[in-house]
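Read the structure below first, then the notes.
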Amino acid sequence: MTFFRSKDRTTRIWRAALLAVGMAAALALLAYAYLGIFTRYLADDYCHADLLQTGNVIDVSIQKYLHSSNRYANVLLFGLSEAFGPMGVAILPPAMVVLWGIGLTWMLKQLKEIAHFDWPSSLGFTIATLVAFFTILQAPNRYQSIYWRSGLVTYFAPLVFIVYLAGFMLSQVRRARAGRMPVWASLIAFVSAFLIGGLAETTDALHIVMLILALVGVWLWVRDGYRRPALVILSAALAGALLAMLTMFLSPANALRLSTGTPDLAVLMIRFVKFPLDFIWDTFKTLPLPSFVSVAIPFLAFYGLYADSPALEKEDRSHVWLAIVLLPLVMYALIAASFAPSAYGQSYPVERARFPARFVMTGALALEGALLAILVSQTRLTARFSAALVASVLLGLSALYPLRAAWQAYQT
């Protein structure tokens, strides 16, 4: 899939529009980050602060794992936050928002290089900032997910770390020599996945399914020198994530969390099927405009990229069609995975526990828009030059959407 690097006016307009959208989304993220500096202690934050005053991080983590919560790693983040004193609770949210935007950009850069996608760096930056922006914009409960420290550590921070782990694994696969993955890289992947998993069973279940799907994809479709190192490092990360889930499952504190009992198998299966469908339907029903725009902007961006490029080979077109068909199924599976712990232990996930699913759905909609644009660009419309110009202009105008959100966030 090669981008035809013409120097005509349409290409220059498209590049300018693309950068404008990316900068607008980045500005909105900075506005959300800015709001984080007003965060103060709330509810469980006081408990964690008090526990860390009476013991070191390791001891508190062990005692919490044994007596109150199966999540064995989140005290590490609480301790890091407390190291900055009373203002640590206000530093963590903006730091995580900024790190997430940077991490998504870096991960897409690694993906671009390993897949040999010939697109400008500004495209990866724009898509990364848009996915982060739309996820936070549509968060079921933005305060509990992003700004409340106890919610952030459990449901937002793991997503940030998963993105960096994905970028690290992609970079190591790309650099692997003679098809061999260094032992130290696999060890880092294993330990990182184990620590990330210990933040919450919700995100760990999501991570496990992500890694399984990645392994299946590499096994089925990768045939070059990347195949072996990718399978090795993905397997190491999956082993760490599975060990994390087993560790949380064996926690003595689970008796407290499951004191009301667990559903029988029939009820559990109904929840597994129904809860993700309810979430997806509720998203389209209550957030129709953000859902549409999160598809439309990537569509416009990728249409401008491929409108004047050479026609795709038949095999490439079949791959795009396959991705369009499989993507909704993958999205559903990942949302179901993130909902599974709540379905097993409680009921429909609370608002902050739905934040990982929001990230999954936002990313899937953006990717669907990009894939549709690639196919539409292959129709070779008679006025495709004009269509590319119109798409570029509309892309530039779409920058107003995140700018409006940034202004609204600043006003709050």
Side-chain angles (χ1 to χ4, degrees), residues 70-71 131 134-135 138-141 144-145 151 154-156 158-159 162 193 196-197 199-217 219-220 234 238 241-242 244-246 248-249 254 257-288 290-292 294-295 321-369 371-372:
N70 62 350
R71 297 162 184 167
V131 169
F134 278 110
T135 302
Q138 301 174 88
N141 188 316
Q144 290 188 4
S145 302
T154 306
Y155 301 108
F156 179 31
L159 299 180
I162 286 173
I196 293 169
L199 292 172
E201 60 275 17
T202 298
T203 45
D204 190 42
L206 171 63
H207 197 197
I208 288 171
V209 176
M210 282 180 171
L211 291 168
I212 290 174
L213 292 176
L215 276 167
V216 172
W219 181 268
L220 292 178
L234 284 170
L238 178 60
L242 288 171
M245 185 63 73
L246 179 62
M248 289 185 287
F249 179 77
N254 279 329
R257 302 188 67 193
L258 300 176
S259 58
T260 57
T262 57
D264 59 43
L265 182 59
V267 173
L268 191 60
M269 294 306 297
I270 292 174
R271 289 179 178 180
F272 283 165
V273 174
K274 185 175 183 296
F275 286 175
L277 292 176
D278 289 343
F279 175 80
I280 295 169
W281 173 248
D282 184 67
T283 296
F284 290 131
K285 184 175 65 175
T286 61
L287 299 167
S291 298
F292 171 77
S294 61
V295 175
W321 271 113
L322 179 62
I324 288 176
V325 172
L326 290 180
L327 185 56
L329 301 177
V330 171
M331 179 186 74
Y332 179 87
L334 292 176
I335 293 174
S338 71
F339 282 8
S342 295
Y344 177 77
Q346 301 169 5
S347 184
Y348 191 73
V350 296
E351 290 177 324
R352 59 184 178 274
R354 300 199 293 269
F355 185 76
R358 173 62 59 223
F359 170 59
V360 169
M361 187 168 180
T362 300
L365 290 177
L367 182 55
E368 198 75 44
L371 293 170
L372 289 172

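All figures in this text were calculated on a predicted structure; none of them were measured in a lab.
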Original post:
Under the side chain to side chain contact (heavy atoms under 4.5 Å, CB included) criterion, do F359 and V131 qualify, and how do the steps go?
Top reply: CA-CA 8 Å; F359 170 59; V131 169; 3.8 Å; yes

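- Contact annotation: the side chain of F134 never approaches that of L365 to less than 4.5 Å [non-hydrogen atoms, C-beta and beyond].
- Between L211 and A241, the shortest heavy-atom contact is CD1-CB, 4.2 Å.
- With values rounded to the nearest 0.5 angstrom, T135 atom OG1 is found 9.0 Å from F156 atom CZ.
- For the pair T202/L206, no side-chain contact is recorded, criterion being any heavy-atom separation below 4.5 Å from C-beta on.
- Between L213 and L334, the closest side-chain pair of non-hydrogen atoms falls below 4.5 Å.
- The minimum heavy-atom distance linking E351 with P140 is given by the pair O-CB, 3.5 Å.
- Listed by first then second residue, pairs satisfying salt bridge (Lys or Arg N to Asp or Glu O under 4.0 Å) with a partner in residues 273-288 read K274-D278, not counting sequence neighbours.
- The side-chain heavy atoms of L159 and P356, taken from C-beta on, include a pair separated by under 4.5 Å.
- The minimum heavy-atom distance between A205 and M245, with the atom names listed, is N-CE, 3.6 Å.
- Rounded to the nearest 0.5 angstrom, L367 CG and L327 CG are separated by 5.0 Å.
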Original post:
Hey, mind stepping through R71 and L199 against side chain to side chain contact (heavy atoms under 4.5 Å, CB included) and telling me if it holds?
Top reply: CA-CA 6 Å; R71 297 162 184 167; L199 292 172; over 6 Å; no

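- Within the 4.5 Å cutoff, side-chain heavy atoms of Y332 are placed close to those of P276.
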**OP:** Check step by step if side chain to side chain contact (heavy atoms under 4.5 Å, CB included) holds for L238 and L215.
**Re:** CA-CA 9 Å; L238 178 60; L215 276 167; 3.6 Å; yes

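- To the nearest 0.5 Å, atoms OG1 (T203) and CD1 (I196) are separated by 8.5 Å.
- Here the closest non-hydrogen pair linking F355 and S145 is CB-OG, 3.7 Å.
- When every heavy atom of R271 is checked against every heavy atom of A343, the shortest pair comes out as NH1-O, 2.6 Å.
- Under the 3.5 Å distance criterion, the side-chain polar atoms of N141 are left unmatched by any main-chain donor or acceptor of R352.
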Original post:
Passes side chain to side chain contact (heavy atoms under 4.5 Å, CB included), F279 versus I335? Steps please.
Top reply: CA-CA 9 Å; F279 175 80; I335 293 174; 4.1 Å; yes

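- For residues 353-368, the set of pairs meeting the side chain to side chain donor-acceptor pair (under 3.5 Å) definition, not counting sequence neighbours, comprises T283-R358.
- Closest of all the heavy-atom pairs between A353 and P349 is CB-CB, 3.9 Å.
- Distance check: S338 OG to D204 CG gives 12.0 Å after rounding to the nearest 0.5 Å.
- Scored by the side chain to side chain contact (heavy atoms under 4.5 Å, CB included) test, A214 finds L234 as partners (sequence neighbours excluded).
- Here the CG-CE distance, from L326 to M331, works out to 13.0 Å after rounding to the nearest 0.5 Å.
- Ring centers of F339 and Y348: under 6.0 Å apart, within the cut-off.
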